[in-house]
Structures are given as C-alpha cells and as structure tokens.
Amino acid sequence: MSETNAERFLNAFSEIEDKLAQQQKRREKHDDWVPFSDLLAGSDTLLQRQKDLLRQYAKLRNAIAHSKRVGGKPIADPREDTVVSIEKIRDNLLRPPRLVDALKGYGRPQVFEFKDGIGAFLALVVEKSFSQAPVRADDGYRLITTNAVARYLAPSLIEHEIVGTATIGEVLDFAETGDRLETLAPSATVLEAINLFSGEASTRVEPPAALLVLDATKEHLPQVLCSRADLSQLYAQLEV
C-alpha cells in the first residue's frame, strides 16, 4: 500500500530533523532535546528560503501529528505540491547536489600560464565573450580578468602598442582583491558555491569566480569555472 501524503510529509520532516541534529551534533543523548527552530537557526546547509518554508511546515507537522485520527489515519492530508516541496528539501539535505554536476555542460575552462601572451586571453574574450579565465600559478591558480587587462594597458596605450609583448603574469600584477580565484574541491556542493558568491561564506570579499580542481596544485587540471553570473542556475538546482 502506498504512503499517504501525510505519511510522506511526516517521514520527510523527520528525516530533515534527524539530519540537522546529526550535522550539529545535537540530540546525541536522550535528554539532549533541542527545538526544531533551533536546528534551523543553527544550520548552514539550508538556504534561508528553505528555512522559512520549514518553519511553516513545522506548524503543519504539529497539526498532523497531534490531531485526532480517523481509522488510524490523519484527518487532513497535505497537498501534493507541499509534499513534493519538503521531499525536495530532504533530498537536497541528505544528498547535496554537487557543483560540478550542476555545471557539467560547461566543459573544461581554458587555463593560461604566466608566460602566455596577453593576446591569447584577449582572443578568448573576443571569441567567447568571456571576461575572466584561470591562470596556473606556483601555489595554485589565479584569475586573469578584462578589468586587469584594461588597467594594465590603459596608460601605455596612449603612447605604445604593447598587446603583442605583454604577458599574463605582468597583467596579474594589476589584479584587485576582488579578482581572486577561489579553488574548490570536486565534492563542493551547489549550496557552498551560493554561499561563496552571496557573501554567506567566511570570506572577506566575495570572489568573482570559483574553480573546481582536485586540489590547489598545478598537477591537476580544473574541471569547471563558476562565477557570480551562474547564481541563478545554482539557485535553480535547489528550487523548492
């Protein structure tokens, strides 16, 4: 016999509650009870909109769990869209979608070297309309941007044409703090990227881009480049 909407809703709610408690190391003892509202407040694995929805669902959960039953069944069943919504939150919490999967259609980014001529990056800008690209460095990766190029070239172009001789390493000397490239592991989740680009992560300045690599060494090729422009696509992965 298939589960009723009420049973599906209660099961999903319970799984969410248990997972939040596990993540926060709460309720490990029988007398260590913490309200669900505190678990929501202490969570860094849920979007704010998901927390707001779950606060509303907590009221529905209480109404279903504590109301009288007829023939062993709840008096009211949640609507199908409500059940689907809370099950989506549960699924994302138990099996967080990975950033590399969300952006799998992007392909590998073109990676430059410090010694490469700046013309190679400008060709990518013209061909792909990209404004940034990763650069392999001794300590990992850096980010070359059109802003850095403009600041580097502007004074000299008044008198000289230097595009043919300038290198990316020289241009990177003009990079701003906000031009930095954040490296993430392939296990990074969509939520981690959202937090990174939206200011929720513990970084001083939100980076314009994040590069997924096996680690921060030069031996491993990046898998995908993600930027703030991708936020709408990232939010769509967690839409409830």
Side-chain angles (χ1 to χ4, degrees), residues 1-106 184 187-201 206 210 224 226-240:
M1 183 180 295
S2 60
E3 291 181 311
T4 65
N5 278 0
E7 290 170 335
R8 288 170 56 195
F9 179 90
L10 291 176
N11 288 338
F13 191 97
S14 177
E15 289 180 87
I16 291 171
E17 191 170 20
D18 289 343
K19 185 61 177 180
L20 291 177
Q22 178 189 22
Q23 289 175 339
Q24 299 173 45
K25 296 184 175 17
R26 312 293 288 268
R27 302 183 177 178
E28 293 182 339
K29 301 177 182 178
H30 294 297
D31 58 349
D32 186 21
W33 188 85
V34 179
F36 183 68
S37 58
D38 288 356
L39 294 176
L40 288 181
S43 174
D44 59 1
T45 55
L46 291 170
L47 294 172
Q48 186 57 49
R49 70 178 70 175
Q50 293 174 320
K51 293 182 181 181
D52 293 340
L53 265 178
L54 286 172
R55 288 188 180 94
Q56 296 300 316
Y57 290 161
K59 299 176 183 177
L60 177 57
R61 180 261 182 197
N62 291 337
I64 295 174
H66 300 304
S67 62
K68 293 183 179 179
R69 294 175 174 253
V70 177
K73 297 183 178 180
I75 293 178
D77 254 4
R79 295 185 332 196
E80 178 67 18
D81 59 342
T82 298
V83 176
V84 170
S85 172
I86 194 171
E87 287 180 337
K88 180 69 178 293
I89 295 176
R90 175 203 59 195
D91 293 343
N92 286 335
L93 186 64
L94 298 183
R95 294 174 293 279
R98 298 192 311 160
L99 183 59
V100 68
D101 294 329
L103 302 177
K104 59 185 177 183
Y106 279 33
L184 301 175
S187 59
T189 66
V190 168
L191 182 59
E192 288 174 42
I194 290 175
N195 288 340
L196 186 66
F197 292 132
S198 62
E200 296 297 324
E206 297 84 20
V224 70
C226 178
S227 72
R228 280 197 291 263
D230 299 312
L231 270 173
S232 60
Q233 182 173 347
L234 300 182
Y235 275 115
Q237 296 290 316
L238 301 180
E239 196 61 53
V240 295

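Side chains are part of it too, since the values below use all heavy atoms of this structure and drop only hydrogens, waters and symmetry mates.
Residues P96 and L191 fail the side-chain proximity criterion, which asks for heavy atoms closer than 4.5 Å. The closest side-chain heavy-atom distance from L53 to I86 is not below 4.5 Å. Residues F36 and R61 form no side-chain contact, since every pair of their non-hydrogen atoms from C-beta on lies 4.5 Å or further apart.
In this structure, OG1 on T82 lies 11.0 Å from CD on E87, to the nearest 0.5 angstrom. How far CG of L20 is from NZ of K51: 9.0 Å, rounded to the nearest 0.5 Å. Note that OG of S232 is 10.0 Å distant from CD1 of I194, once rounded to the nearest 0.5 Å. Between the CG atom in L60 and the CZ atom in F9 there is a gap of 4.0 Å [rounded to 0.5 Å].
A donor-acceptor distance shorter than 3.5 angstrom exists from the side chain of Q50 to the backbone of L47, with no hydrogens or angles considered. For the pair Q24 (side chain) and L39 (backbone), a donor-acceptor distance under 3.5 Å is present. Listed for the N92 side chain is no donor-acceptor partner under 3.5 Å among the backbone atoms of I89. Side chain of Q233 to main chain of L103: no donor-acceptor pair is present (N/O by atom type, distance under 3.5 Å, no hydrogens or angles).
Of the candidates L196, T189, N195, T189 is the only one forming a side-chain contact (heavy atoms from CB on, under 4.5 Å) with E192.
Between D77 and N5, the shortest heavy-atom distance links the atoms OD2-N, 3.5 Å. Summarising the geometry of L46 relative to L93, their closest heavy-atom pair is CD2-CD1, 4.1 Å, with the distance given to 0.1 Å. Of all the heavy atoms in E7 and T4, the pair that sits closest is OE1-N, 2.9 Å. Here the closest non-hydrogen pair linking Y57 and S85 is OH-OG, 2.9 Å. The shortest non-hydrogen separation linking L54 to F13 is O-CE1, 4.3 Å.
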**Q.** Test log, rule side-chain contact (heavy atoms from CB on, under 4.5 Å), inputs C226 and F197
**A.** CA-CA 10 Å; C226 178; F197 292 132; 3.6 Å; yes
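A salt bridge links R55 with D52: the closest approach of a Lys/Arg side-chain nitrogen to an acidic carboxylate oxygen falls below 4.0 angstrom.
Applying the salt bridge (charged side-chain N to carboxylate O under 4.0 Å, His left out) test to residues at least two apart or on different chains, the pairs with a partner in residues 10-24 are E15-R90, E17-R27.
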